[in-house]
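Contents: one structure, followed by commentary.
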Amino acid sequence: MHNGRNSQIKLTLEVVKWEFNRWFKLKDQIITLLISALISLLIFGGKALIEKFSDDKVELVIINSGVLPIKLSNESKIELIKKEFAETDEQKKLLAKKEIGGILILNDIDNIELTVNKEPAWLGELQKALTSARQQIKLKQSNISQEQLKNIFQQAQIKMNYTETKREESSTGEKVSAGIFIGLMLLGVFFGLSYQFVAITGEKQLRITEVIASAISPKTWINGKILGISLLSIVLLVTSVLSTVVFIIVSSIFGSGWSIPLSITNPLLIVALFILSISGFLLWNTFFSAIAATINDPNTSARSSLMMVPVIPVAIAFYALGDPDSLVMKILSFFPLTSSPVLSARLVLTDVSFIEILLSLILLIVTIWYLRKAAGIIFSLSILMYGKEPSWKEISKWIRESRK
Amino acid sequence: MKNSDEILKVDSIRKQFGKITAVNNLSFSINRGEIFALLGPNGAGKTTIVRMLMDIIKPDEGIIEFYLNENKNSRIPLASELGYLPEERGLYQEIPIIKTLTFMGVIRGMIKKQAEKSAEEWLEKLELYERKNEKLSTLSKGNQQKVQFISSVLHNPSFAVLDEPFAGFDPINQEAFLMIIKELRDKGTTILLSAHQMHLVERIADRVLLLNNGKKIAYGTVDEIKKDFSSGEKIIINVESIPDLSLLQNDDAVEKVESINDTEVKIFLKQNKSLSGLLNKAASNYTITSVETEHISLHDIFIERISKDKGESNA
């Protein structure tokens, strides 16, 4: 049976469309984006709303207020009621009735007592105000000015001179962005693998394989599956990234102080990350399509656990957050199994030369090509094996024999 | 050398799975526009042959040649020219029926609109049109079988392989499918069918290949096979008490005698032998309550030939 070369390409595209449409639900993606916006709105908008409308001031009785000149901000919920006398039974009764929040006794600057019913939420704020007031007094006593004190405690200053044009140290925002991107990439890999796994083992269990195998070649079928599911993974990754962006935008409207670092909005960087992501998805989907074809029953097969393998390179990529320019990370940027997440993290965090990116991509694509050939052989021989899983020895024999 | 009527020629094919020979040096041909039945007990090698014809597995030895297009000498068929209903049924359960059928048509070379139209026509014909947007899992087993059947023929193939097309149907639907298969043949599709319902096969098959243990044991038209069969007719005699079977077995006109139960005996007559002498002999020895005569069926031949082949293999 044959279909001709042009038909093979056409059929591959039909399988791509079928696999993509089989799993992709536009409604789900829109719901994901809306939920992301809603969660952000609930968390940050809700917090802002509560703060705006909450006027539950806490009354704190302060005895001997002259010992420390406590200054609280205008937004503070603590209201100080100054008493120049010793603690009285009447105030203790008010505390028991929760009519006041606490009794603060300033015996001297190093001897402060606070009586409350239970640990209060405003303790941190009070502690800060007391520390600041105490420091002021101690400074006065030691005759050192604020500037002198600052000078004593400031860090040693190093003026950096670079012989190569180098990018500035990654900001926390960039590190967080890289971390989030790696996480989302892992999510995309898992989405893809789950769909691939369910698609192939399901078709085997439902005995659909024989109908399809009589119409198209296993090679066309596996190519279509890998491309379709990888396309789906990239769409899911884009939705996840957009959800994160929506979350950050909504949160920033309500004053979270979060923002997207400008450096990662560079179009070239986005294109590079896109290519690396799709290459990574292709690699893992190819690997897993072959594994899934050998699985007879997904509920009992030990091979199902191989789905966890992609966690390893992604976990390694997180080390790049610490030192993206280390030799190990540079090597792992070239190694095809780790290059996709590691190089993506490095691209966000540091400067990577074009040659490095190109070489890494070439190595990755060559690996995908050979892996796809091996996967095609395993897939075509395993897909019609019912009731028995081929052993690793058999699989390696198939691949060896196909080279002859 | 191919006959001009041949659409498929199978020459000395052999397939081995480990130590088991599934198909052993088998040759046959199928003529254009005929219904060809592949018969045999479980494990005879029918599905292996079908899978080799569908290019799902390759024969270890031998040649399979298709001549689907009369004007072209194309020995390797296009997927669009073949239809396949496998014995192991299976379609996507959680996808609307019309989508699955359209996809099946598209991978068999149809354009999407054409596939959708053909699927709708078939669904209409098999009284499933109203349910075209439902998931397959919502249909009864019989209706799922109908959808599976549609998926194998909606692209109007030149050659269709139908493995157990009547399985899972009630007698009314079996009868309906018999007519549908005949219609397909009349419209020009050559059909290879494999089935266990001998009474149905006998009614529609133009030619038959009977297999056992991967070997050919009978091949030809139903009439030719019947002619080759040692028995001419069979009679069923009902008697009052258990008869002595050896008395009947020794008669010149008798090929074989089988006891059905305590009072019923089935007698297979030799070709061109008269019934009257045997009946006189039986009447003088037993009290006969009824006599029925029947033509030898494909089922009888199937049972007899397989038993004989087993006996020869064991010997």
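No more than 12 heavy-atom neighbours from other residues, nucleotides or ligands sit within 6.0 angstrom of OH on A/Y370. No more than 12 heavy atoms of other residues, nucleotides or ligands shown are found within 6.0 angstrom of NZ on A/K373. Heavy-atom contacts from other residues, nucleotides or ligands closer than 6.0 Å to NZ of B/K182 number more than 12. Summarising the local packing, CG of A/L242 is surrounded by more than 12 heavy atoms from other residues, nucleotides or ligands at distances under 6.0 Å. Within a 6.0 Å sphere centred on NZ of B/K132, other residues, nucleotides and ligands contribute more than 12 heavy atoms.
B/R51 is listed as a side-chain neighbour of A/E210, based on a closest heavy-atom distance under 4.5 Å. Between A/N21 and B/F103 the shortest side-chain heavy-atom distance does not fall below 4.5 Å.
A distance of 7.5 Å separates OG in A/S214 from CD1 in B/I107, rounded to the nearest 0.5 Å. Remark: B/T100 OG1 to A/W18 CH2 distance equals 4.0 Å, nearest 0.5 Å. Atom CG of residue B/L91 and atom CD1 of residue A/I208 lie 6.5 Å apart, to the nearest 0.5 angstrom.
With a 4.5 Å cut-off on non-hydrogen atoms, B/E94 does not touch chain A at all.
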Please tabulate, for the side chains in residues 230-240 of chain A, all donor-acceptor contacts under 3.5 angstrom to protein atoms that are two or more places apart in sequence or on a different chain.
unit_1	atom_1	unit_2	atom_2	d
A/S230	OG	A/I226	O	2.7
A/S230	OG	A/N285	ND2	2.9
A/S233	OG	A/I229	O	3.0
A/T239	OG1	A/Q29	OE1	2.8
A/T239	OG1	A/V235	O	2.8
A/S240	OG	A/L236	O	2.8

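Closest non-hydrogen pair, B/P86 versus A/V211, comes out as CG-CG2, 3.6 Å.
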CA sep, side-chain torsions, deciding dist, call: A/I212, B/M104, side-chain contact (heavy atoms from CB on, under 4.5 Å): CA-CA 8 Å; A/I212 311 263; B/M104 290 297 165; 3.9 Å; yes
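Contact annotation for residues 152-160 of chain B against chain A (heavy-atom separation below 4.5 Å): no residues qualify.
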